[in-house]
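Whatever order the structure lists them in is the order used to number ligands and atoms, beginning at 1. The first residue in the sequence is number 1, and the count goes up from there.
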Amino acid sequence: MTADLATMTGIDAPTGLLIGGEWSTGKSGVLPVLNPATEDVLAEVADASPQDALEAVGAAAAALPAWSATAPRQRAECLRRAYELMTGRAEQLARLMVLENGKALRDARGEILYAAEFFRWYAEEAVRIDGHLSTAPSGANRIMVLRQPVGVSYMITPWNFPAAMATRKIGPALAAGCTVVLKPAKETPLSALAVAAILAEAGVPDGVVNVVPTNKPGPMTEAVLADPRVRKLSFTGSTEVGRMLLKQAADYVTNCSMELGGNAPFLVFDDADVDAAVDGAVLAKMRNGGEACTAANRFYVHEKVADEFSAKLSARLAGLKVGPGLEEGVDLGPLVNADTRAKVSDLVDSATGDGAKVLTGGHAPDRAGYFYQPTVLDGVPPAAGILSEEIFGPVAPIVRFSDPQEAIALANDTEYGLVSYLYCGDLARALRTAEALEAGMVGINRGVVSDPAAPFGGVKQSGLGREGAHEGLLEYTETKYLAVDW
Ligand code: NAD
């Protein structure tokens with residue numbers, strides 16, 4: 001199976017556990033990885049046990065003193081080499097990602113470059129970790145503040161961005177001088193293992209990055225969090241699992257960063273450039289086939305422009321080519337698995353039951369693979385159930401509004417607060433609205449917000465902390481204050 005994988009991707013993708021610089025088969029059998037476009041087994045990856053994960057923690061703890069004492073420039077150069085290796089192999093890595101995740105090759109190529117950028121950005125940040133010095137107000141002493149690495153960091157990543165969610169955590173951790181145990185999602189371990197192999201090739205010492213895919217994340221995580229050598233949990237995934245992990249981490253007061261679910265509103269005001277809004281909507285909705293925490297999930301469109309917006313958006317989505325992600329020209333691959341497709345299909349049925357009208361799509365095509373047609377639903381009532389769920393698929397529900405204040409209130413009427421999108425002609429009005437939107441990020445006349453140099457993260461139940469930018473580095477540091485008299 002892996003021979004086929006090598007032929008299909010052009011790289012020899014590792015399938016073992018990586019612990020202390022050694023690739024091994026682990027102690028609890030194998031984990032099958034499916035190709036969502038065919039529903040066939042693509043590869044078998046070693047399935048780590050809690051004991052394997054504790055060995056990985058041991059390796060990370062043993063590597064920590066030397067890595068945290070390594071010159072920042074040297075840590076930076078490892079990350080920079082990893083960036084170059086990743087971009088040099090972007091095509092092969094993108095193909096590997098398509099095979100395990102399903103996304104269209106164009107999306108996978110975009111993700112590999114985005115993922116590699118975190119290594120480049122944090123190579124630059126590694127040499128800019130500063131502290132500060134001031135005089136106590138009483139004048140009695142100096143206040144000296146240092147930033148030190150938080151220590152062994154346990155990372156849990158989702159399947160939807162299997163490379164970028166790993167590099168967005170590993171990049172800042174390594175820059176700060178931390179060591180890592182990464183548990184990728186069981187659906188997409190191959191991309192994470194390939195990233196780890198690149199880091200090793202780039203000169204990252206043994207034990208600094210360990211990877212333990214598993215079929216049973218619960219018992220592994222309980223064991224890892226209970227180990228006092230683990231000082232940091234960085235999780236990206238659903239709010240439901242994040243909430244549970246925060247409760248577990250509370251027992252050990254583990255430092256936590258949480259990137260959780262979203263329910264992004266996309267507002268189109270009456271003075272918006274409708275063509276630009278449609279372009280932005282296609283990006284915000286269809287990037288990664290809608291399987292993104294940042295995916296526009298609810299479209300609130302002013303009634304004056306709603307007919308034009310919905311007609312143009314459905315024409316664009318109806319024109320997308322659906323098929324296996326590796327086929328050139330395909331815009332939309334399959335969803336990741338059968339459960340995800342069933343959820344999308346149930347949400348569309350519930351919306352039509354609530355009175356929504358299907359403008360395009362609304363069903364799964366009759367073929368193997370977890371495909372779902374790009375779908376636009378118009379006239380969705382503001383109280384429809386689909387608007388309070390993360391759809392995670394290629395479905396755009398449109399709600400029409402007449403009062404912008406009411407649209408802002410509807411946009412904020414959710415426990416989530418990751419990102420909001422706004423199309424508006426008057427920039428002052430757009431900025432005022434952006435201030436009123438309860439979200440960690442706002443795209444103004446833009447359908448994509450992600451950027452390694454920008455602080456990514458949510459408010460409310462979308463998370464705690466930020467990834468990317470200088471803020472992302474600080475998540476892997478502890479502040480130490482020295483009271484100094486001289
Ligand atoms: P998920 O929460 O089911 O899984 C995420 C990760 O958690 C996986 O690695 C999974 O194996 C692990 N996990 C599941 N149960 C666990 C447990 N009991 N203990 C420890 N780990 C456990 O989410 P998913 O379906 O894989 O990913 C989609 C979700 O991720 C969506 O809600 C999406 O919005 C969110 N997401 C958020 C961001 C962000 O930056 N805010 C980015 C990407 C995805």
Chemist: Within the protein, is there a heavy atom lying under 4.0 Å from atom 36 (N) of ligand 1?
Modeler: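 Yes; the ligand atom in question has protein heavy-atom contact below 4.0 Å.
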Chemist: Less than 4.5 Å apart, any side-chain heavy atom of Ser450 and any of Arg287?
Modeler: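 Sidechains of Arg287 and Ser450: in contact.
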Chemist: Give the contacting part of Leu418 toward ligand 1: side chain, backbone, both or neither, where contact means a heavy-atom distance below 4.0 Å.
Modeler: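 Within the 4.0 Å criterion, Leu418 contacts ligand 1 through side-chain atoms alone.
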Chemist: With atoms numbered from 1 as shown, which atoms in ligand 1 lie under 4.0 angstrom from a non-hydrogen atom of Glu390?
Modeler: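 It comes down to these atoms of ligand 1: 31 (C), 32 (O), 33 (C), 34 (O).
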Chemist: Is it the side chain (CB and beyond), the backbone, both or neither of Thr236 that lies under 4.0 Å from ligand 1, heavy atoms counted?
Modeler: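 The answer is both.
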Chemist: Can you tell me if Arg231 and Asn255 form a side-chain donor-acceptor pair at under 3.5 Å?
Modeler: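 Not at all, the side chains of Arg231 and Asn255 share no donor-acceptor pair under 3.5 Å.
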Chemist: Look at the aromatic rings of Phe392 and Trp159 and report parallel, tilted or perpendicular, splitting at 30° and 60°.
Modeler: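 Aromatic pair Phe392/Trp159 classed perpendicular.
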Chemist: Considering only heavy atoms, which of Ser238, Ala264, Cys293, Gly262 lies nearest to atom 39 (C) of ligand 1?
Modeler: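 Result: the heavy atom closest to atom 39 (C) of ligand 1 is in Cys293.
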Chemist: Suppose I only count heavy atoms of Met244 and a 4.0 Å limit; which atoms of ligand 1 are within that range?
Modeler: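 In order of numbering, the contacting atoms are 17 (C), 18 (N).
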Chemist: Do Leu31 and Thr214 have side-chain heavy atoms sitting under 4.5 Å apart?
Modeler: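 No. Closest side-chain heavy atoms not under 4.5 Å.
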Chemist: May I ask you to identify, for Thr294, whether its side chain, its backbone, both or neither come under 4.0 Å of ligand 1 on a heavy-atom basis?
Modeler: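 It is neither; nothing of Thr294 touches ligand 1.
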Chemist: Could you work out, for atom 22 (C) of ligand 1, the closest of Ala192, Pro217, Ala185 by heavy-atom distance?
Modeler: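 Among Ala192, Pro217, Ala185, the closest heavy atom to atom 22 (C) of ligand 1 comes from Pro217.
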Chemist: Considering only distance and modelled atom types, tabulate donor-acceptor pairs under 3.5 Å from the side chains of residues 236-245, sequence neighbours left out.
Modeler:
{"from": "Thr236", "atom 1": "OG1", "to": "Lys169", "atom 2": "NZ", "distance (Å)": "2.7"}
{"from": "Ser238", "atom 1": "OG", "to": "Val241", "atom 2": "N", "distance (Å)": "3.3"}
{"from": "Thr239", "atom 1": "OG1", "to": "Gly261", "atom 2": "N", "distance (Å)": "3.2"}
{"from": "Thr239", "atom 1": "OG1", "to": "Gln461", "atom 2": "O", "distance (Å)": "3.0"}
{"from": "Arg243", "atom 1": "NE", "to": "Gln461", "atom 2": "OE1", "distance (Å)": "3.3"}
{"from": "Arg243", "atom 1": "NH2", "to": "Gln461", "atom 2": "OE1", "distance (Å)": "2.5"}

Chemist: Please work out which of Val241, Asn215, Thr340 has its closest non-hydrogen atom nearest to atom 16 (C) of ligand 1.
Modeler: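 Of the listed residues, Val241 has the closest heavy atom.
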Chemist: Would Lys183 count as a contact of ligand 1 if the rule is a heavy atom under 4.0 Å away?
Modeler: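 A heavy atom of Lys183 does come that close to ligand 1.
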Chemist: Kindly assign one of parallel, tilted or perpendicular to the pair Phe118 and Tyr122, based on the angle between their ring planes and the thresholds 30° and 60°.
Modeler: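 Parallel, since the angle between the ring planes stays under 30°.
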Chemist: For Asn215, is there any backbone N or O sitting under 3.5 Å from a side-chain donor or acceptor partner on Asp47?
Modeler: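 Here the side-chain-to-backbone pair exists.
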Chemist: Quick one: look up the protein heavy atom nearest atom 44 (C) of ligand 1 and list residue, atom name and how far away it is.
Modeler: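 Going atom by atom, the protein heavy atom closest to atom 44 (C) of ligand 1 ends up being Asn160 ND2, 3.3 Å.
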Chemist: Please write down residue, atom name and distance for the protein heavy atom closest to atom 27 (O) of ligand 1.
Modeler: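 Ranking protein heavy atoms by distance from atom 27 (O) of ligand 1, first comes Pro158 CB, 3.5 Å.
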Chemist: Are the ring centres of Phe235 and Tyr154 closer than 6.0 Å?
Modeler: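 No - the distance between ring centres of Phe235 and Tyr154 does not fall below the 6.0 Å cut-off.
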Chemist: Nearest heavy atom to atom 40 (O) of ligand 1: which of Met165, Glu467, Arg168 does it belong to?
Modeler: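 It is Arg168 that holds the nearest heavy atom.
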Chemist: Can you establish whether the number of heavy atoms outside Lys186 located under 6.0 Å from its atom NZ is more than 12?
Modeler: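 For Lys186, atom NZ is not crowded (no more than 12 foreign heavy atoms under 6.0 Å).
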